[in-house]
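A short worksheet on the structure shown next.
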Amino acid sequence: MTEIQYRLPQKREIVTDFPGPKSQKLAGRRSSVIAAGVVSSVPVYAADVDGGVVVDVDGNSLIDFGSGIAVTTVGGSAPKVVENVQQAVERFTHTCFMVTPYEGYVELAERLAEITPGDHAKKVALFNSGAEAVENAVKIARVATGRDAIVVFDHAYHGRTNVTMAMTAKNMPYKNGFGPFAPEIYRVPVSYPFRDPQGMDGTEAAQRALEMVDKQVGAENVAAVVIEPILGEGGFIVPADGFLPTLADWCQSNGALFVADEVQSGVARTGEWFAVDHDGVVPDLMTMAKGVAGGMPLSAVVGRAELLDAVHGGGLGGTYGGNPVACAAAIGALDTIEDWDLKSRAKHIEAVIHASLDSLVESTDVVGEIRGRGAMIALEFVKPGGKQPHPELAKAVATECLQQGLIILTCGTYGNIVRLLPPLTITDDLLCEGLEVFSDAIVKHEQSH
Ligand SMILES: *Cc1c(COP(=O)(O)O)cnc(C)c1O
């Protein structure tokens, strides 16, 4: 293991109000040319990113607890990623793997087959976005099983294309007005320990879901059960122990595929290569994207060889899928995770977060739960004393944090979750400082909202 290197000073420094004058000027230009449907949660424009900091165009250095939504797991400009990208881009930017293939695609596929769970023969197909990977997993599952039905869960997020919108649970902002949606998608309850009936364990929660599938869909019609092992946009919901294994067993007994959407939870984020590793579950197919290529657009479907090979030649692919520069970046990101032992860093970050926040969570009555794994931890804000969601407070805390130079993201079906997704390369000092800013923001706003 080598020491983590930084290019930028790892410190929080505020030199203007937020947003600063240069960010405001860019916001003005943006408003006349960028579609209103594309929004940004943080109104400062980035100029330079490294390790745990984002430096904006006005020279403010912000602590990053968002990683561009769990993407820059290795940091925003990890040396190995930058070097691999530079070397690749000097040789060629594109040939199209479907026209003139190249080694990087093959090498990356070998690496992904190695780090995913299970010692069966695996095959890989590369794409550009998380949604595209999920959509292709559905295509593969349907061809491989000869069935149509796809089972998804409450609070699920799978993307913004037509099939993945149908698979996504939340109407606003992801679906509203964009229908009609793809057919043969069936939604059942997930295991949500904080909101499930008291005492319901993972097996019972799985039975609740599977009984609906049996009654309303019919097991023999199910091509795949698709689930995020830790639900991302839905609120970092960690299903109760036994939930995922029970689903996987049911799939195996009924000829359906168990598909893990690890687009957000995968690639070292939770302290293991994949979140399913914590549950000892081996999916038939997995999707991954966000953390896999150090910020370059790349996604993958990895799974049982016979399933991916069930699809006819030419049935999978795309002009840009597995772009050579993105593949080089991904190889650099995987090397970085190994060289810097970032899986251990994720576990360490989890311990630091708990050490910093648990007593506050215990003493305040506006945080219902702190949950998650590794560097994927969230706090669920509730109205004092009960379980009613408190999105206003989550928003106030996030806004306050930004004023103090900390980038922090909200999520959740009710918008009442604040999620902590720091790059795994953040220093302990910066992590602790960010957690203090966050705690102070909670204390400041818990009474006033
Ligand atoms: C972000 C996300 C997606 C969609 O990925 P995009 O790259 O935005 O298309 C799909 N599934 C999960 C679990 C995600 O978190």
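Basis for what follows: all heavy atoms, side chains included, without hydrogens, waters or symmetry-related copies. Whatever order the structure lists ligands and atoms in, that order sets their numbers, starting from 1. Small disclaimer: the values here were computed from a predicted structure and weren't measured.
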*Taking NZ, NE, NH1 and NH2 as the nitrogens, is one of them in R147 or E184 under 4.0 Å from a carboxylate oxygen of the other?*
no
_Presence of salt bridge, E306 and K123, under 4.0 angstrom_ = no
*Establish whether atom 11 (N) of ligand 1 and some protein heavy atom are separated by less than 4.0 angstrom.*
yes
*Residues forming a side-chain contact (heavy atoms from CB on, under 4.5 Å) with P101, sequence neighbours excluded*: F97
*Of all the heavy-atom pairs spanning I426 and R345, show the shortest one and how long it is.*
O-NH2, 2.5 Å
*Under 6.0 Å from the NZ atom of K139, do we count more than 12 heavy atoms belonging to anything else shown?*
yes
*Which of the atoms in ligand 1, numbered in the order shown and given with their element, are less than 4.0 Å from a heavy-atom of G130?*
4 (C), 5 (O), 6 (P), 7 (O), 9 (O)
*Tell me, please, which residues at least two apart from N323 pass side-chain hydrogen bond (donor to acceptor under 3.5 Å, both in side chains).*
none
*Nearest protein heavy atom with distance in Å, relative to atom 9 (O) of ligand 1*: A131 N, 2.8 Å
_Please state which option from E233, Q264, K290 has its nearest heavy atom closest to atom 14 (C) of ligand 1._
K290
*asked:* Under 4.0 Å from a heavy atom of D261: which atoms of ligand 1 are those, numbered in the order shown and with their elements?
replied: 10 (C), 11 (N), 12 (C), 13 (C)
*Please determine if E228 has a nitrogen or oxygen closer than 3.5 Å to a nitrogen or oxygen of ligand 1.*
no
*asked:* Please determine whether any non-hydrogen atom of S129 lies less than 4.0 Å from an atom of ligand 1.
replied: yes
